[in-house]
Amino acid sequence: MLVRFFGFLREITKETEQELDAETPSSLLNQLSRKYGPEWDKAVTFPGSGKAFLGIICVNERCLCEDEFESLKLNDEDTVMIIPPLKGG
């Protein structure tokens, strides 16, 4: 599937998009956490929350609710957009 990164996530991944393979959005986030380590985790999770994702994930231009992260099955043809949490005031 095509995974597109936005905002400062592009600085972490050093790419605007990648071809990746994952079964669910949750497994995709875990894969990215393993690949990019603490820098990724610090950018997209609430401090002290473990792995609570703060950004937005859209699959085929439809934004997901957090309860879909585990249940939605991803396909090779999907386009996943990962939008980081907004920062600033």
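Just so it is clear, the structure is predicted and the values come from calculations on it, not from any experiment. Both backbone and side-chain heavy atoms feed into the values below; hydrogens, waters and symmetry mates do not.
When side chains are defined from C-beta on, I57 does not count as touching I83, because their heavy atoms never get closer than 4.5 Å. Side-chain contact between L29 and F69 is present, with heavy atoms from C-beta onward closer than 4.5 Å. Counting only heavy atoms from C-beta outward, the side chains of M81 and F5 never approach each other to under 4.5 Å. For the pair L72/L64, a side-chain contact is recorded, criterion being any heavy-atom separation below 4.5 Å from C-beta on. At a threshold of 4.5 Å between non-hydrogen side-chain atoms, the residues V44 and L32 do not count as touching.
Applying the salt bridge (charged side-chain N to carboxylate O under 4.0 Å, His left out) criterion to R62, with sequence neighbours excluded, gives E68. Scanning for side chain to side chain donor-acceptor pair (under 3.5 Å) contacts around S71 gives an empty result, with sequence neighbours left out. A search for side-chain contact (heavy atoms from CB on, under 4.5 Å) contacts involving E70 returns S26, not counting sequence neighbours.
Residue pairs meeting the salt bridge (Lys or Arg N to Asp or Glu O under 4.0 Å) criterion with at least one member in residues 1-19, sequence neighbours excluded: R4-E17. Contacts classified as side chain to side chain donor-acceptor pair (under 3.5 Å) and involving residues 72-84 (residues at least two apart or in different chains) are given here: N60-D78.
With hydrogens and angles disregarded, a donor-acceptor distance shorter than 3.5 Å links the side chain of Q31 to the backbone of D21.
Across all their heavy atoms, A22 and S27 have their closest contact at CB-OG, 3.6 Å. Heavy-atom minimum distance, F8 versus P84: CZ-CB, 3.4 Å. The heavy-atom pair separating C63 from C58 by the smallest distance is SG-SG, 2.6 Å. Closest of all the heavy-atom pairs between L74 and P25 is CD1-N, 3.6 Å. Residues S33 and W40 come closest through the heavy atom pair CA-CD1, 3.8 Å.
Note on L9 and L20: same hydrophobic cluster, where clusters join Ile, Leu, Val, Met, Phe, Trp and Tyr whose side-chain heavy atoms are under 4.5 Å apart, directly or indirectly. Under a hydrophobic clustering in which Ile, Leu, Val, Met, Phe, Trp and Tyr are joined whenever their side-chain heavy atoms come within less than 4.5 Å, directly or via other members, F6 and I56 fall into the same cluster.
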Intermediate values then yes/no, side chain to side chain contact (heavy atoms under 4.5 Å, CB included), V3 and L28: CA-CA 9 Å; V3 179; L28 175 63; 4.1 Å; yes

